[in-house]
**Q** 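My questions all concern the structure below.
This structure is a prediction, so every number in the text was calculated from the model and none was measured. Hydrogens, waters and symmetry mates play no part in the numbers below; they use all other heavy atoms, side chains included.
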Amino acid sequence: MIRLLKMGLGIAICALIGGTLTYLGVPLALMFGPIFAVIIFHRFNIQLAIPKYTLTFVQISLGTLVGLMFNQVSLGQADNLFLLLLMLVVCLAVQFSFSYFWFHHKVGWTKQEAMLGSVPGAMAAILALVDHTHAPPQKIVISHTIRLIILIFLAGIVVGSDGDPQPLIEFPSLSLEATFWLIVIVLIGLGAGLALQRVRIPAPFMLTSLAAATVIQSWIDVQIHFPIMITELSMVLIGMNIGNHFIVFPLSSLIKNIYSSAQVVIVNIILTFLITVFASWLTGYPISLLLLAWVPGSMEAMTFAAIAMNLDAGFVMSNHIIRMVIIQSIPSIALFVQERRAKRK
């Protein structure tokens, strides 16, 4: 009971810090605030614990949110749809290949660390995969966090603002029927995820929840809005999880890994820009629109940047949803095949 009270108090403190920074206009403060809070409290020998199944909760929350959003946007009217999807896959492949080469051959990470650290985006999914594989998570977490910070900072510069719009603190406004279907989505995502885990599919809950939300929302006539408070709680919890990985590093190793990760991010942004220039020439889409749609950053930050620049936010969001599905699926499948081969040997 005492442990639960301490855990709840820690979450409340991190949420308060994140909420205060959000009010002051700091982008994605509900995630970055808890990261700094955990690091600072650790310096005073105070440990902020998080619930055991945090990553499962975050996966289900984000998967359900993205699945419900998927029905609100469409690429169906886009010209050159197949070519755009092909170029998106090419862009992801280039981003991953360069990052993997750099981390494995230049920095000296293991193959597994380099693979998970190179996946372009989807912090929650990668944390879940790291938890499944029991790989040393610190380098991987730093890589993804630095990428997120740099891309959100650049998005803020591009749109001439401080970053993401401030989240509203509001209670869920769901009808009884919408609440019922939301619970059904969560239960199906959880049940299917547990079933896939039994056959050694790693970190499946985001995919199962996304699929359940997409199918059910397209099947019923009730519009389901995912409660923003749950999304905010997920951001706080994942920030605390990231912060717990940061405190393991001594300062010298932390600076070294931040420097290596920053180099990878900057070169990847340049490569993405070159690909978008070529894709823009092929398809006629604006370079700025394709760059926001394909850069390996936060879907929320990039969508907001598109809105602020009067670009097609639905197009940007759709591409990021597709990117998240791809980069969640491929590492899971690769790790599954790798484990099966290891068992056979």
Side-chain angles (χ1 to χ4, degrees), residues 7-41 48-69 121-128 130-131 137 140-142 144-153 155-156 162-172 182 186 189 203 205-206 209-210 213 225-246 296-305 317 320-321 324 328:
M7 194 178 296
L9 180 61
I11 294 172
I13 291 172
C14 288
L16 180 62
I17 293 172
T20 303
L21 293 176
T22 298
Y23 181 77
L24 296 175
V26 178
L28 281 184
L30 285 173
M31 185 178 73
F32 290 130
I35 293 176
F36 293 120
V38 169
I39 294 173
I40 292 170
F41 275 101
L48 298 180
I50 57 175
K52 182 178 180 181
Y53 297 103
T54 288
L55 291 179
T56 300
F57 173 79
V58 171
Q59 281 190 86
I60 292 174
S61 299
L62 292 182
T64 303
L65 173 64
V66 173
L68 294 175
M69 292 171 66
M123 174 80 79
I126 297 307
L127 283 175
V130 168
D131 186 62
I140 301 166
V141 170
I142 289 175
H144 285 272
T145 304
I146 295 304
R147 174 164 51 215
L148 189 60
I149 292 172
I150 291 175
L151 290 172
I152 290 173
F153 176 73
D162 293 324
D164 285 337
Q166 298 176 7
L168 299 174
I169 300 177
E170 58 183 29
F171 291 98
L182 183 61
V186 170
F205 295 101
M206 187 169 181
S209 300
L210 190 151
H225 298 284
F226 195 76
I228 192 171
M229 290 184 68
I230 297 180
T231 305
E232 292 170 348
L233 176 60
S234 297
M235 292 179 68
V236 171
L237 290 174
I238 199 171
M240 294 177 69
N241 189 290
I242 293 168
N244 280 324
H245 291 310
F246 264 75
S298 161
M299 178 175 66
E300 296 83 358
M302 298 307 121
T303 302
F304 172 70
M317 187 187 298
H320 278 281
I321 290 172
M324 288 177 66
Q328 165 72 359

**Q** Any idea which heavy atoms bring Ile60 and Thr64 closest together, and the distance?
**A**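 Shortest heavy-atom separation between Ile60 and Thr64 comes out as O-OG1, 2.7 Å.
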**Q** Tell me which one of Leu30, Ile35, Leu237, Val236 satisfies side chain to side chain contact (heavy atoms under 4.5 Å, CB included) with Cys14.
**A**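 So, applying the side chain to side chain contact (heavy atoms under 4.5 Å, CB included) to Cys14 and each of Leu30, Ile35, Leu237, Val236, only Val236 qualifies.
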**Q** Do you know which two heavy atoms are closest between Gly18 and Pro34, and how far apart they sit?
**A**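 It is CA-CD, 4.5 Å.
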**Q** Before giving the answer on side-chain contact (heavy atoms from CB on, under 4.5 Å), spell out for Phe36 and Leu21 the whole-Å C-alpha distance, their side-chain angles and the decisive distance to 0.1 Å.
**A** CA-CA 11 Å; Phe36 293 120; Leu21 293 176; 5.6 Å; no
**Q** Please round to the nearest 0.5 Å and tell me the distance separating atom CG of Leu65 and atom CD1 of Ile230.
**A**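 That separation rounds to 10.0 Å.
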**Q** How close do Pro51 and Ile11 get, counting heavy atoms only, and between which atoms?
**A**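 It is CD-CD1, 3.9 Å.
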**Q** Testing the basics here: between Gly33 and Ile17, what is the closest heavy-atom pair and its distance to 0.1 Å?
**A**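 Closest approach of Gly33 to Ile17: O-CG2, 4.1 Å.
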**Q** Please name the pair of heavy atoms, one in Met240 and one in Ala49, separated by the smallest distance, quoted to 0.1 Å.
**A**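 Minimum heavy-atom separation between Met240 and Ala49: CE-O, 3.7 Å.
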**Q** About how many Å separate CD of Gln59 and CG of Leu55, when rounded to the nearest 0.5 Å?
**A**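 Answer for the CG-CD pair, Leu55 versus Gln59, is 7.0 Å.
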**Q** Determine whether Ile238 and Met31 satisfy the following criterion, side-chain contact (heavy atoms from CB on, under 4.5 Å), listing intermediate values before the conclusion.
**A** CA-CA 7 Å; Ile238 199 171; Met31 185 178 73; 3.8 Å; yes
**Q** side-chain contact (heavy atoms from CB on, under 4.5 Å) between Phe205 and Val58: does it pass, once the steps are laid out?
**A** CA-CA 9 Å; Phe205 295 101; Val58 171; over 6 Å; no
**Q** Calculate, to the nearest 0.5 Å, the distance between atoms OG1 and NZ belonging to Thr54 and Lys52 respectively.
**A**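 One gets 11.5 Å once the value is rounded to the nearest 0.5 Å.
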**Q** Could you grab the distance from atom OG of Ser234 to atom CD1 of Ile228, nearest 0.5 Å is fine?
**A**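 Here the interatomic distance stands at 11.5 Å.
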